[in-house]
Protein chains: 2
Amino acid sequence: MQRDTRQRKAIRRALVDAGHPLSPQELHDAASEDVPGLGIATVYRNLKALGEAGFLETVELPGEPPRYEVAGKGHHHHFHCRSCDRVFEVDGCPGNLDRITPPGFRLEDHEFVLYGRCESCAA
Amino acid sequence: MQRDTRQRKAIRRALVDAGHPLSPQELHDAASEDVPGLGIATVYRNLKALGEAGFLETVELPGEPPRYEVAGKGHHHHFHCRSCDRVFEVDGCPGNLDRITPPGFRLEDHEFVLYGRCESCAA
DNA sequence: GCGCTTTTGATAGCTTCTTTTCGTTAGTGA
DNA sequence: TCACTAACGAAAAGAAGCTATCAAAAGCGC
């Protein structure tokens, strides 16, 4: 059966506390504060398990390895800070996508990434 | 000095003829019709050279290796067909991006990807 | 055509990210 | 508490994509 280990708890908590998508490495760094000595393999194992359990979702950004965030947040997009390389959530959606979809194409979905400086890096 | 080899010509032509972003592998396949036996290393070498020459631009899509398209097309986005995995150009831009940028964040740029079925796959 | 030098093709190597292996540790129900 | 076995950490292995190496081929100026 599934066990609730210190490591798994720390990984789950780190994802929730961050409030924005984390890379496996960022997640490892964050969860290591709770569980010193945490192995990176454990992070990957739990990312897989938590993904299959529907607890988290994968966030893919252009030219970047995947990041992960807690699932069930509803439709949103992301802001990628070019300075600190962190990714933030963005509510809202530009809309008007059918307008720019080429004729004959069937639009099913969309992804959308803003680039710039986050609040702390812009200051 | 820079030599105009059969291989380089074929690679340039394949990019222009395609009219949409190509992965190194797609480019290799296309240019191989002109130059049988074309090596994949030659494709990568020329992608690098043509990039530095300003002839092409890199197109990064979420969770995908980079693709390449001829430069100087002006601002546009891309449509990724989930069926044939090809990427097409999309003119126009949704706009209203400042509206959804979080307060304090400085927006510099944006990327935008549509997903669905292309014209031939939707039929 | 000649010779110089860039470019090529094949293949090995490298980098980055992820998964597997394996012996050890530690949840969990009885 | 005990026993069972899921989960762990470390390190090796794997996968994918790109780059370097090197001998051979082929542009290009003369």
**Message:** Please check: side-chain N/O of B:His76 versus main-chain N/O of B:Gly74, any donor-acceptor pairing under 3.5 Å?
**Reply:** yes
**Message:** Using whole Å, what does the distance between atom P of nucleotide D:dA26 and atom NZ of B:Lys9 come to?
**Reply:** 13 Å
**Prompt:** For the pair made of CZ in A:Arg67 and C1' in C:dT18, what is the distance, rounded to whole Å?
**Reply:** 16 Å
**Message:** Is there a side-chain contact between B:Thr5 and the phosphate of D:dA26, meaning an N or O under 4.0 Å from OP1 or OP2?
**Reply:** no
**Request:** Please state how far atom CG in A:Leu61 lies from atom P in C:dC17, giving the value in whole angstrom units.
**Result:** 14 Å
**Asked** Atom CG of B:Leu38 and atom NE2 of B:His28: how far apart are they, to the nearest 0.5 Å?
**Response** 4.5 Å
**Item:** pair B:Arg117-A:Glu108: side-chain heavy atoms closer than 4.5 Å
**Value:** yes
**Item:** Separation of atom CZ in A:Arg3 from atom P in D:dT5, rounded to whole Å
**Value:** 9 Å
**Request:** Give me the residues of residues 33-59 of chain A where at least one heavy atom lies under 4.0 Å from an atom of DNA chain C, by number, or none.
**Result:** A:Ala41, A:Tyr44, A:Arg45
**Complete:** Rounded to whole Å, CD of A:Gln7 lies from C1' of D:dA10 at a distance of 14 Å
**Request:** Please work out if A:Gln25 contacts a base, only the sugar-phosphate, or nothing of the nucleic acid, heavy-atom cut-off 4.0 Å.
**Result:** nothing
**Complete:** From CZ of B:Arg6 across to C1' of D:dC28 the rounded distance in Å is 16 Å
**Item:** Gap between atoms CD and C1', on A:Glu64 and C:dT16 respectively (whole Å)
**Value:** 13 Å
**Message:** Using 30° and 60° as the class boundaries, would you call the ring planes of A:Phe88 and A:Phe79 parallel, tilted or perpendicular?
**Reply:** perpendicular
**Ring geometry between B:Phe112 and B:His77 (parallel below 30°, tilted from 30 to 60°, perpendicular above 60°)** = perpendicular
**Asked** Is any side-chain N of the basic residue among A:Arg82 and B:Asp109 closer than 4.0 Å to the acidic one's carboxylate O?
**Response** yes
**Request:** In whole angstrom, give the distance that lies between atom CD of B:Gln2 and atom P of C:dC4.
**Result:** 22 Å
